[in-house]
Structures are given as C-alpha cells and as structure tokens.
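Report on the following structure.
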Amino acid sequence: MSVVDRRILKTHEAIKNAFIELMSEKGFDQITIQDISDRGNVGRRTIYHHYMDKFDLLDKLIGEHINELRKLCESSADLDFVTANLIWFEYFDSNHSFFSTMLASKGAPYFRSRFLEFVIEELKGEVNIIEGKNKGLNEDVILKFFGAAIVGITESYFRNEIRVSPQAVAEQVGILLERNL
C-alpha cells in the first residue's frame with residue numbers, strides 16, 4: 001500500500017470540505033472552482049491538479065463514501081440486519097455533513113441514484129423468490145421496493161422528518177428487513 005503525503009491529504013480534505021459546505025449553501029450548478037478555491041484556501045491550479053472539474057470532484061467524493069459503505073457491508077456480511085444497519089448509521093453520523101448535504105439540502109440527485117443502485121446491489125443476495133414469503137414474486141420489484149424504502153428513510157432521517165435517534169432508525173429498518181427478506 002502506498003503512503004500518501006500528509007500535505008496531499010490535507011489538501012484533499014480542504015477541497016472536499018469546502019465543496020460540501022458550498023453544496024449545503026447553494027446548488028451544485030452555482031458552485032465554481034473559484035468558489036471551492038476561495039473556501040478551501042487552495043489555489044485553482046491545485047484543485048485542477050487533483051480533479052478534472054467539479055463533476056470529477058463530486059464523482060470521486062461520492063465514490064469514496066459508496067466504497068466505504070461497501071467495505072462496511074463486506075465486514076458485516078455475517079451479521080443480522082439490525083446490527084448491520086447500526087454500523088451504517090454510525091457511519092452516516094460520522095459523515096453527517098456529507099450525507100445531509102447529498103440527501104437533505106441542495107445535494108446532488110446523482111448521489112441519490114448511486115446510493116440507490118448501491119443499496120439494491122447489496123440487497124441482491126438477501127432476496128429469495130424460490131421459497132418462503134417472497135416465493136413467486138419478482139426479484140426486481142422486491143429489490144426496487146426495499147432499495148427505495150431504505151434510501152427514502154435515510155433521506156427522511158437527514159431532513160429531520162424522523163425524530164428518533166439514529167440507533168432507533170437503524171434498528172427499526174433492520175427489523176423490517178428481517179421480517180420481509
């Protein structure tokens with residue numbers, strides 16, 4: 001594994017934090033590289049050294065979080081839905097500014113679609129249409145239904161439309177998944 005210079009890590013963090021702050025204040029389309037440069041206290045050339053444009057920055061930022069969620073899923077594959085959801089919501093909480101910006105404020109619809117795609121991909125191995133309560137049902141319908149439900153609940157949590165603790169949300173979503181998958 002290669003070691004990344006701490007200065008590069010600090011620069012990346014400054015750029016990403018500036019970008020997330022700006023996204024929470026105004027829409028993606030209104031953000032310029034100069035805005036990110038000013039807010040992050042880095043040069044425009046520095047941003048272009050690390051990212052092609054703001055679309056590349058958004059894509060890489062989303063990719064990082066989806067990859068982290070994927071790692072969490074892999075490490076919790078043997079756990080029940082309730083425990084696995086608690087791990088997800090702990091991650092959501094520790095990255096609150098990113099997820100709240102992407103899901104609740106003036107975030108990117110692109111994130112929502114990538115997140116939904118990821119959730120469906122993770123649920124695929126859990127659906128059994130050969131036997132049990134979902135016997136004979138269409139797998140795509142089940143996956144889309146539960147994927148949309150999970151993304152919708154997560155959005156509602158970040159919009160403060162669900163006024164319970166992250167642990168309570170995670171537990172209840174886990175229980176619903178266990179009952180129905």
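Source: prediction; values computed, not measured. In what follows, residues are counted from 1 in the order of the sequence shown.
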* Asked: Got more than 12 heavy atoms from elsewhere within 6.0 Å of NZ, Lys60?
  ->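 Atom NZ in Lys60 is crowded, with more than 12 foreign heavy atoms closer than 6.0 Å.
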* Asked: Do other residues, nucleotides or ligands put more than 12 heavy atoms under 6.0 Å from the CZ atom of Phe145?
  ->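 No, because the 6.0 Å sphere around CZ of Phe145 holds 12 heavy atoms or fewer from other groups.
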Between [X] and [Y], is there a shared hydrophobic cluster once you connect ILVMFWY residues whose side-chain heavy atoms come closer than 4.5 Å?
{"X": "Val141", "Y": "Ile129", "answer": "no"}
{"X": "Leu79", "Y": "Phe81", "answer": "yes"}
{"X": "Tyr51", "Y": "Phe55", "answer": "yes"}
{"X": "Ile162", "Y": "Ile150", "answer": "yes"}
{"X": "Ile153", "Y": "Trp88", "answer": "yes"}

Would you give the length of the straight line joining atom [atom1] of [X] to atom [atom2] of [Y], rounded to the nearest 0.5 angstrom?
{"X": "Asp78", "Y": "Thr83", "atom1": "CG", "atom2": "OG1", "value": "11.5 Å"}
{"X": "Thr154", "Y": "Phe158", "atom1": "OG1", "atom2": "CZ", "value": "7.5 Å"}
{"X": "Phe146", "Y": "Leu123", "atom1": "CZ", "atom2": "CG", "value": "8.5 Å"}
{"X": "Leu61", "Y": "Asp56", "atom1": "CG", "atom2": "CG", "value": "11.0 Å"}
{"X": "Lys124", "Y": "Asp140", "atom1": "NZ", "atom2": "CG", "value": "7.5 Å"}
{"X": "Met102", "Y": "Phe99", "atom1": "CE", "atom2": "CZ", "value": "9.5 Å"}

* Geometric cation-pi criterion Lys54 and Phe28, 6.0 Å radius, 45° cone ->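 Positive - Lys54 is close enough to the ring of Phe28 and near enough to its axis.
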So which heavy atom on [X] is nearest to which on [Y], and how close?
{"X": "Ile120", "Y": "Gly147", "answer": "CG1-CA, 4.1 Å"}
{"X": "Ile33", "Y": "Asp53", "answer": "CD1-C, 4.2 Å"}
{"X": "Ala14", "Y": "Gly40", "answer": "CB-O, 3.7 Å"}
{"X": "Leu57", "Y": "Ile36", "answer": "CD2-CD1, 3.9 Å"}
{"X": "Asp35", "Y": "Gln30", "answer": "OD2-O, 3.5 Å"}
{"X": "Arg114", "Y": "Asp59", "answer": "NH1-OD1, 2.8 Å"}

Is there a donor-acceptor pair closer than 3.5 Å between any side-chain N or O of [X] and the backbone N or O of [Y]?
{"X": "Asn95", "Y": "Phe98", "result": "no"}
{"X": "Asn134", "Y": "Asn180", "result": "yes"}
{"X": "Lys133", "Y": "Arg179", "result": "yes"}

* With under 30° as parallel and over 60° as perpendicular, where do the rings of Tyr157 and His96 fit, or are they tilted in between? ->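 Ring orientation, 0 to 90° scale: perpendicular.
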* To do: If the plane angle is over 60° it's perpendicular, under 30° parallel, otherwise tilted; pick one for Phe92 and Phe89.
  =>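 Geometry flag for Phe89 against Phe92: perpendicular rings.
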* Asked: Can Ile142 and Leu181 be said to form a side-chain contact (heavy atoms from CB on, under 4.5 Å), step by step?
  -> CA-CA 9 Å; Ile142 296 169; Leu181 291 181; 3.8 Å; yes
* Is the closest basic N to carboxylate O distance between Glu13 and Lys16 below 4.0 Å? ->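 A salt bridge links Glu13 with Lys16.
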* **Carboxylate-amine/guanidinium proximity below 4.0 Å for Glu68 and Lys71** =>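 Salt bridge flag = yes for Lys71 with Glu68.
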* Kindly determine whether Glu21 and Asn17 satisfy side chain to side chain donor-acceptor pair (under 3.5 Å), including the steps that lead there. => CA-CA 6 Å; Glu21 286 174 16; Asn17 289 337; over 6 Å; no
* To do: Answer with yes or no after comparing the ring centroid distance for His65 and Phe115 against a 6.0 Å cut-off, counting only values under it.
  =>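 No, the ring centres sit 6.0 Å or more apart.
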* Asked: Can you name the one residue among Met52, His50, Arg44 that meets side chain to side chain contact (heavy atoms under 4.5 Å, CB included) with Tyr48?
  ->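 Between Tyr48 and the candidates, side chain to side chain contact (heavy atoms under 4.5 Å, CB included) is satisfied uniquely by Arg44.
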